[in-house]
Amino acid sequence: MGMTNVKSEPIVGDQKDPGRKEAYLETLTYVERLHRRLLDVIKDELDRIRCSEINSVQALLLFNIGDSEMTAGELRTRGHYLGSNVSYNLKKLVEAGYIHHQRSRSDRRSVRVRLTEKGRAICAMIDDVYNKHCAMLGEVGDISVEELRQANATLFKLERFWTDQIRYRL
């Protein structure tokens, strides 16, 4: 039994809400731009403390490890990093003395990582930056806690939507 060739009209925006596509594309632009800007902020702080051994992505990796001991796989499942990027950056951070690594006793293929004192110093620097930002968000940025919560709720829904697109091939 052959399949019939069904032609469908291309989906162009949302007929019920014509402004949706423009708003969606603007959101995508802001998400991309915000991530790059955060990396710029972290790079600026690294420059201020005259730290040229690591880049802003590696500094954020240190922050996301924090006080934990974890594997590269666990960092990937947190959703922060792509696979090859984690391995490469962890290797560089070990070589530069920011991270200790040790093979897992139960699974010799797995390597557990934790921060060295040098890594904890970078983590503390980023935490200080975030604390400074939090203190200034309302006064300087004119951003309330409620606005942040609403943005977070919307971004969470967008992430879930994209995850479903992949998981269920919508």
Side-chain angles (χ1 to χ4, degrees), residues 1-46 54-94 99 101 104 106-107 109-115 119 122-123 126-127 129-130 133-134 137-138 141-170:
M1 205 173 234
M3 292 181 58
T4 58
N5 200 0
V6 177
K7 281 192 173 184
S8 63
E9 291 296 315
I11 298 171
V12 182
D14 183 344
Q15 302 304 321
K16 295 177 188 167
D17 190 354
R20 187 182 314 265
K21 184 173 182 184
E22 289 78 14
Y24 179 66
L25 293 176
E26 185 177 5
T27 299
L28 297 179
T29 300
Y30 278 121
V31 167
E32 240 184 323
R33 194 181 304 157
L34 284 169
H35 180 65
R36 283 194 310 268
R37 190 66 63 225
L38 174 62
L39 293 176
D40 291 343
V41 167
I42 300 301
K43 183 185 181 328
D44 186 56
E45 290 299 319
L46 289 170
I54 62 172
N55 62 39
S56 53
V57 170
Q58 292 163 342
L60 280 176
L61 183 60
L62 293 171
F63 182 80
N64 286 314
I65 293 170
D67 293 330
S68 301
E69 182 176 298
M70 60 183 62
T71 65
E74 290 168 330
L75 280 166
R76 280 189 296 272
T77 57
R78 282 185 172 190
H80 295 291
Y81 309 96
L82 300 174
S84 61
N85 290 347
V86 173
S87 300
Y88 171 81
N89 285 315
L90 287 176
K91 179 181 176 213
K92 291 296 182 186
L93 290 166
V94 167
I99 288 181
H101 72 292
S104 171
S106 58
D107 180 359
R109 297 167 297 171
S110 179
V111 175
R112 300 206 61 80
V113 297
R114 62 184 161 78
L115 301 185
I122 296 297
C123 187
I126 293 174
D127 193 51
V129 169
Y130 289 168
H133 290 172
C134 287
L137 274 172
D142 191 29
I143 302 169
S144 70
V145 173
E146 186 51 41
E147 287 173 306
L148 287 173
R149 287 186 178 130
Q150 183 59 51
N152 291 340
T154 302
L155 291 170
F156 174 80
K157 287 178 184 179
L158 188 55
E159 179 187 23
R160 189 177 60 208
F161 173 77
W162 286 341
T163 299
D164 287 351
Q165 296 302 299
I166 296 164
R167 182 177 293 143
Y168 302 116
R169 297 183 179 207
L170 299 175

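This is a predicted model, so every value here is computed, not measured.
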How many angstroms lie between atom [atom1] of [X] and atom [atom2] of [Y], to the nearest 0.5 angstrom?
X	Y	atom1	atom2	value
Cys134	Leu148	SG	CG	8.0 Å
Lys92	Asn89	NZ	CG	9.5 Å
Leu137	Tyr130	CG	OH	12.0 Å
Leu155	Phe161	CG	CZ	14.0 Å

N/O donor-acceptor pair under 3.5 Å between [X] side chain and [Y] backbone:
X	Y	result
Asn64	Leu60	yes
Asp127	Cys123	no
Gln58	Asn55	yes

So do [Y] and [X] actually touch side chain to side chain, heavy atoms under 4.5 Å?
X	Y	result
Ile126	Glu45	no
Leu93	Val113	no
Arg167	Asp164	yes

Got more than 12 heavy atoms from elsewhere within 6.0 Å of CG, Asp67?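 Result for CG/Asp67: open.
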Considering residues, nucleotides and ligands other than His133, do more than 12 of their heavy atoms fall under 6.0 Å from its NE2? yes
Heavy-atom pair of closest approach, residues Ile122 and Ala59: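 Closest heavy-atom pair between Ile122 and Ala59: CG2-CB, 3.8 Å.
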Looking at residues at least two apart in the chain, or sitting in another chain, which of them share a salt bridge (charged side-chain N to carboxylate O under 4.0 Å, His left out) with Glu69?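 By the salt bridge (charged side-chain N to carboxylate O under 4.0 Å, His left out) rule, Glu69 matches Arg112, Arg114.
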Please list, chain by chain and in numerical order, all residues satisfying side chain to side chain donor-acceptor pair (under 3.5 Å) with Ser144, sequence neighbours excluded. Glu147
Just to verify, which of Asn85, Val111, Leu61, Thr71 counts as forming a side chain to side chain contact (heavy atoms under 4.5 Å, CB included) with Leu90?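 Filter result, single survivor: Leu61.
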Just one of Leu46, Asp44, Asp40, Leu39 clears the side chain to side chain contact (heavy atoms under 4.5 Å, CB included) bar with Ile42, so which one? Leu46
Compile the donor-acceptor pairs under 3.5 Å between side chains in residues 24-34 and protein atoms, sequence neighbours left out, one pair per line.
unit_1	atom_1	unit_2	atom_2	d
Tyr24	OH	Trp162	NE1	3.0
Thr27	OG1	Ala23	O	2.9
Thr29	OG1	Leu25	O	3.0

